[in-house]
Amino acid sequence: MSNIQEKDKKFVANTYARFPVTVVSGKGSVVFDDDGKRYIDMGSGIGVTSFGIADDEWAEAVTNQISCVQHMSNLYYTEPCAALAEILCEKTGLKKVFFSNSGAEANECAIKVARKYAAEKKGQDYYTIITLKNSFHGRTLTTLSATGQEHYHELFQPLTPGFVHAEANNFEDIKRLAEEYKTAAIMLECIQGEGGVNVIDADFVKKTAEYASENDIVLIIDEVQTGNGRTGELYCYMNYGIKPDIVTTAKGLGGGLPIGAALLGDKVESVLGFGDHGSTYGGNPVCCAGAYSIISRIDDELLASVKKKGKFVFESLSGAKGIEGVSGMGLMIGIKTEKKASDVVKACMEKGVLCLTAKDKVRLLPALNISDEILAEAIDIIKSVCAE
Ligand SMILES: *Cc1c(COP(=O)(O)O)cnc(C)c1O
């Protein structure tokens, strides 16, 4: 084991089961470890490095901003924060943006907004948030409560009260809970990422959105993983033809720097007032300059190419030997393999391809601009490992 790995094991809290690879450099969708071994990066830092490692345009935007002004408190205005909020609102039709530093914090903001909206509109007892079973919404105590997976909850009790979990794709269950509990919001991922790349049914999502709107319940779509071009639309809800009240995002937004955002629609744009919420780093100019360079380049041409690359992966893997099924949308892909997913990931890594898992599936979240050649090279290796 290298000195770096020994040191990490000794001094970094024990929360991640790391692979024995130390990444030292990279470019685009290729990274190198400290032995000089080359890997194709099919995980992009869990859907974070949207345009790959050390993307030139992104790096220039970030370094220019760093040498200009790297941080001011939120007591003052900075240009990248305003510009990023403007482009996000223009491209989504949502009205206002609160910037945070992570996905969990974006969801925390959405939950606060929904609860304040309901408290003012309907009364303080309307605090329940309905989320889906098998969802993932983050690691803070409140977003852990929102997460519909019991195994994350054990030993961290008591969690934040006021969260109930409906069966995914079962609209009657949403209705049952909304009638039983005084409900502030319904929150869901259109594709459950950590839950196993499960695409939620269009009919269920549409009915849920209509029901929320008719009953003045805030609809929150968690786009932390599905957002920022990942599924072939800027945000995944756009594939469903719905209009959420709040969209939360993070991961791919910053292209590799920590930033999250809660995008607020008409219904809730004025809910937060001075002092209701805040974050020291929120809207940090360097993160916003990086994110602006990402969001401004997610245009129709790029989205069409994400769809095309996604289609190539689906067609290459569907029905291939050792592969039971392929799920997902665009470049968010889950592969049900005959072999254990973790064994496939390990074998791929040895052959120079870095993949992720999600529950019992192999998960791929490559950079949105991965070249066709490198993508084909990685898919060949994944196929050969599954077929062995
Ligand atoms: C990753 C993820 C989160 C949490 O984001 P962090 O930045 O790790 O806090 C929340 N929701 C979804 C859907 C995610 O995939």
Side-chain angles (χ1 to χ4, degrees), residues 13 15-17 43-50 98-114 129-149 152-153 156 159-160 163 165 168 185-200 205 219-231 233-237 239-240 244 246-263 279 281-284 287 290-291 294 327-334 356-359 361 363-366:
T15 58
Y16 307 106
S44 65
I46 317 190
V48 166
T49 48
S50 302
F98 178 85
F99 289 116
S100 60
N101 316 292
S102 67
E105 289 168 284
N107 286 335
E108 289 272 347
C109 173
I111 292 162
K112 282 180 75 174
V113 169
I129 317 262
I130 301 173
T131 69
L132 299 186
K133 290 182 180 159
N134 198 43
S135 58
F136 184 83
H137 297 295
R139 306 280 191 170
T140 63
L141 278 171
T142 295
T143 55
L144 214 51
S145 310
T147 294
Q149 302 189 53
Y152 285 115
H153 295 175
F156 298 109
L159 300 181
T160 305
F163 289 86
H165 309 294
I186 300 169
M187 172 158 145
L188 56 93
E189 302 153 88
C190 290
I191 304 173
Q192 294 182 331
E194 300 306 310
V197 197
N198 307 316
V199 179
I200 303 298
V205 172
L219 179 67
I220 304 168
I221 303 295
D222 179 340
E223 298 256 11
V224 172
Q225 190 160 156
T226 53
N228 314 300
R230 176 58 49 196
T231 68
E233 292 291 338
L234 180 59
Y235 291 100
C236 189
Y237 77 83
N239 293 299
Y240 287 78
I246 306 179
V247 173
T248 59
T249 192
K251 290 195 169 86
L253 174 62
L257 285 174
I259 181 169
L263 281 55
S279 167
Y281 279 122
N284 169 273
C287 297
I294 300 295
S327 66
M329 243 187 241
L331 287 174
M332 176 168 184
I333 293 150
L356 305 164
T357 58
K359 284 279 170 71
K361 290 185 187 147
R363 176 174 40 158
L364 308 180
L365 300 169

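Counting starts at 1 for both ligands and their atoms, following the listed order.
For ligand 1, the 4.0 Å heavy-atom shell takes in S102, G103, A104, N107, F136, H137, G138, E189, D222, V224, Q225, K251, ordered by chain and residue number.
The side-chain heavy atoms of R230 and L331, taken from C-beta on, include a pair separated by under 4.5 Å. Using a 4.5 Å heavy-atom cutoff, the side chains of I191 and V197 are in contact. No side-chain heavy atom of S102 sits under 4.5 Å from any side-chain heavy atom of P258.
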Item to complete: Could you walk me through whether K359 and N134 pass the side-chain hydrogen bond (donor to acceptor under 3.5 Å, both in side chains) test, one step at a time?
Response: CA-CA 10 Å; K359 284 279 170 71; N134 198 43; 2.5 Å; yes
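In the model, T131 has a side-chain atom that pairs as donor or acceptor with a side-chain atom of H165 under 3.5 Å.
F98 meets the ring pair (Phe, Tyr, Trp, His ring centres under 6.0 Å) test with H277; sequence neighbours excluded.
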